[in-house]
Amino acid sequence: MEFARRDFLKGAAAAGALAGFGAIGVLGGCSAAGNGSDAQAKDETAAVASGSDNEEARALSLVECESDVAGKVKERLECDIAVLGGGGSGLSAAVRAAELGARVIVLEKGSSLGGSTIGTEGMFGWGSKLQQQEGVELSSVAELVEEENVFTNYRCDAVLWNKFITSSGKSADWLMDEGYVFDGVDIYKQSVSSFKCFHWWADQSGQTLIDFLAARAEELGVDVRLETPGVCLKTDNGAVAGVYAHDAKSDAYLEVSAKAVIAGCGGYAVNTALIEQLTDWDMTYANATATGTGDAVIMAEDVGAGTYMTSILPAIHVYGYVTADPIVVGCCNQPLLFLNQDGNRCMDESLFIHAHKALFVNAILSQKKCFCVFDQAMVDRFESGEGIFSAWRTFAVGSNIENFQGQVNECIEKGMGNAFVADTIEELAAAMEVDAEAMRASVDRYNDLCERGVDEDYLKDPAYLMPVEQGPFYAIRLDPSVTNTIGGLDVDYHNQVLDVEGSPIPGLYCVGVDGNKLYKETYNYAMSGGLVSFAIYSGLTAGEHAFSTYVS
């Protein structure tokens with residue numbers, strides 16, 4: 001039954017991709033209590049377009065049905081604009097709307113503000129005052145748009161990219177005008193990005209930005225409520241008229257009446273069912289490093305919203321372990337030998353070092369399975385010898401990985417089907433259920449290339465051509481990891497949420513990653529900081545438009 005479910009979901013996702021921007025409904029589990037006939041028709045359209053309700057995705061979210069929640073309300077509040085989520089996008093929207101004169105309430109599900117913005121180091125910006133002060137010679141907007149056009153084979157929305165790039169420096173300027181102080185502007189880490197547009201946060205920490213925005217929100221009288229997630233939208237005759245929230249501390253429901261709602265809920269990295277429904281990813285052995293549960297997408301779909309293709313900000317991990325574990329550092333982020341499910345070598349394994357990380361992950365995930373294959377000599381090198389080839393977070397080039405052998409052995413002993421050891425390549429292939437003759441030929445071919453110092457198959461950097469010849473031999477399966485999702489809801493250039501027919505849903509906006517239509521399947525690190533920059537840009541855009549349309 002599990003295979004049937006996965007096959008159906010992936011078939012639906014593929015059909016959505018072929019349909020273009022994919023403004024289709026995928027959820028329809030609730031009928032809104034306050035909706036009139038127009039809203040009911042939109043709900044029915046969404047349900048028909050989806051083909052089925054995804055109850056598993058709903059169960060992994062915090063979303064409830066308006067008809068269930070409306071009768072449980074213990075407290076009623078009123079404001080001009082309600083903001084769902086206290087990350088970079090939500091706080092930017094809240095501060096900007098409050099500056100303009102709106103009464104704003106922020107509902108944050110966590111015990112603190114910040115979301116994934118905390119893990120960022122800076123933002124992309126073009127044409128900022130800081131760049132002018134430092135005498136940065138800028139590439140033209142056209143050159144930057146062309147970078148993304150080429151990167152996506154001209155599948156991106158060039159209009160949106162032009163609007164975003166042109167405004168990105170103004171977003172940085174807005175922060176500076178508010179009083180925020182950047183550390184400087186440069187090419188991200190001198191090599192990863194292609195343009196001198198990376199504005200470093202103070203102390204290179206996203207926490208400093210969140211602390212600043214939170215303080216500014218408090219100065220402006222924004223009512224921020226922690227551990228109080230929005231659980232469903234309040235509707236009135238086809239328009240969004242507020243939100244219902246659940247105060248986790250008191251276990252009480254709130255009704256927040258608002259002229260507009262801006263959702264910045266941070267994606268759905270941990271909602272595996274929703275990811276499978278909106279992408280072609282198989283999440284069976286995947287993990288996530290962000291915490292979004294898909295609340296914005298599911299709440300919006302309950303009122304008839306359409307969806308947009310989802311990108312993944314991807315990484316690779318070893319099933320059962322986390323990012324900083326020795327086995328992950330040694331197997332996922334080093335230029336060792338990678339073989340696919342047929343025993344064939346499948347890529348330039350040094351792509352991680354000399355190109356953008358997302359491309360490295362794409363190459364791995366292009367195969368049904370991908371294994372990192374190495375020998376005892378490599379284990380010894382990593383633990384006590386010359387160390388690792390590639391820097392990763394706190395690990396510098398040449399660092400030793402303590403307990404690498406121990407975790408590899410532990411993973412094998414767990415018998416999860418993703419780690420293997422054998423005295424010969426043929427025995428290893430048998431354990432992996434890979435064709436032994438093909439795998440033997442691949443290893444022999446690779447060792448020959450290593451000896452000659454030239455990779456005639458994939459042009460791997462000769463510095464990383466290290467043979468696999470000293471048993472015992474190891475193989476570790478590499479599985480996908482979701483750093484975050486990008487996209488989900490269909491929005492217009494004001495970040496208004498669109499229904500399944502492409503018309504704005506009155507009173508509803510989506511900002512941050514859920515409302516980000518910049519990217520296709522791959523995030524472009526050439527313009528590093530673009531994701532968080534769009535979060536701020538979209539927050540400012542929605543805050544201003546919601547105020548001018550519904551408040552002023």
Side-chain angles (χ1 to χ4, degrees), residues 87-96 99 113-145 147-148 151 160-217 264 313 356-358 483-484 486 511-513 516 518-519 523-541 543-544:
S89 61
L91 287 176
S92 296
V95 170
R96 184 57 183 145
E99 279 181 333
L113 299 171
S116 58
T117 299
I118 289 176
T120 64
E121 299 166 287
M123 64 174 284
F124 173 88
W126 178 91
S128 71
K129 291 187 292 187
L130 183 58
Q131 287 168 319
Q132 294 172 25
Q133 291 168 10
E134 297 195 7
V136 174
E137 184 176 345
L138 291 170
S139 300
S140 69
V141 172
E143 289 175 285
L144 292 166
V145 173
E147 160 67 31
E148 191 65 25
F151 189 80
L160 178 59
W161 270 100
N162 193 298
K163 289 178 178 291
F164 164 62
I165 292 169
T166 303
S167 298
S168 61
K170 298 174 185 177
S171 298
D173 289 348
W174 175 76
L175 289 172
M176 294 176 66
D177 290 342
E178 293 290 312
Y180 186 76
V181 180
F182 289 94
D183 266 1
V185 61
D186 206 341
I187 295 173
Y188 180 59
K189 296 190 176 178
Q190 299 299 317
S191 62
V192 175
S193 58
S194 303
F195 307 95
K196 199 169 186 178
C197 293
F198 193 82
H199 294 62
W200 291 93
W201 302 137
D203 299 326
Q204 300 184 9
S205 168
Q207 184 68 61
T208 65
L209 176 70
I210 294 300
D211 291 344
F212 173 80
L213 291 173
R216 187 73 181 108
L313 190 62
H356 305 313
K357 177 183 173 183
T483 303
N484 212 339
I486 310 172
V511 296
V513 290
N516 189 328
L518 286 174
Y519 303 99
Y523 178 74
N524 188 354
Y525 282 89
M527 289 187 277
S528 294
L531 202 54
V532 68
S533 182
F534 183 85
I536 297 167
Y537 160 79
S538 61
L540 298 178
T541 299
E544 292 174 358

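Not measured: the values here are computed from a predicted model.
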Please round to the nearest 0.5 Å and tell me the distance separating atom [atom1] of [X] and atom [atom2] of [Y].
| X | Y | atom1 | atom2 | value |
| --- | --- | --- | --- | --- |
| Cys197 | Ile187 | SG | CD1 | 9.0 Å |
| Thr120 | Gln204 | OG1 | CD | 11.5 Å |
| Glu148 | Asn524 | CD | CG | 4.5 Å |
| Phe212 | Leu175 | CZ | CG | 6.5 Å |
| Arg96 | Trp174 | CZ | CH2 | 7.5 Å |

At their closest point, which heavy atom of [X] faces which heavy atom of [Y], and how far apart are they?
| X | Y | value |
| --- | --- | --- |
| Ser533 | Met123 | OG-CE, 3.6 Å |
| Ser171 | Ile536 | CB-CG2, 4.1 Å |
| Tyr523 | Leu531 | OH-N, 3.5 Å |

The salt bridge (charged side-chain N to carboxylate O under 4.0 Å, His left out) partners of Glu121 (sequence neighbours excluded) come to Lys189
Residues passing the salt bridge (charged side-chain N to carboxylate O under 4.0 Å, His left out) test with Lys129, sequence neighbours excluded, are Asp177
For [X], which residues count as a side chain to side chain contact (heavy atoms under 4.5 Å, CB included) partner, sequence neighbours excluded?
| X | answer |
| --- | --- |
| Leu91 | Leu113, Ile210, Leu213 |
| Val511 | Ser89, Ile262, Asn495, Ser538, Ala542 |
| Ala94 | Val83, Val104, Val106, Val222 |

- Task: List for me each residue that meets ring-ring contact (aromatic ring centres under 6.0 Å, His included) alongside Trp161, sequence neighbours excluded, and say none if there are none.
- Result: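 Result, ring-ring contact (aromatic ring centres under 6.0 Å, His included) vs Trp161: Phe164, Tyr519.
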By ring-ring contact (aromatic ring centres under 6.0 Å, His included), Trp200 pairs with (sequence neighbours left out) Tyr188, Phe198
Taking the side chain from [X] and the backbone from [Y], do they hold a donor-acceptor pair closer than 3.5 Å?
| X | Y | value |
| --- | --- | --- |
| Ser128 | Gln131 | yes |
| Trp126 | Ser139 | yes |
| Ser168 | Ile165 | yes |
| Thr166 | Lys163 | no |

Return the set of residues passing side-chain hydrogen bond (donor to acceptor under 3.5 Å, both in side chains) with [X] (not counting sequence neighbours), or none when no residue passes.
| X | value |
| --- | --- |
| Asp183 | none |
| Thr117 | none |
| Thr208 | Tyr180 |
| Ser194 | none |

Q. Would you call Leu518 and Tyr537 a side-chain contact if the rule is heavy atoms closer than 4.5 Å?
A. no
Could you check if a side-chain atom of Phe534 sits within less than 4.5 angstrom of a side-chain atom of Ile486, using non-hydrogen atoms only?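 SC-SC contact between Phe534 and Ile486 ruled out.
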What do the steps show when you test Met176 against His199 for side chain to side chain contact (heavy atoms under 4.5 Å, CB included), and what is the final call? CA-CA 11 Å; Met176 294 176 66; His199 294 62; 5.9 Å; no
So salt bridge (Lys or Arg N to Asp or Glu O under 4.0 Å) across residues 194-216, not counting sequence neighbours, yields Glu99-Arg216, Glu178-Arg216, Arg216-Glu219
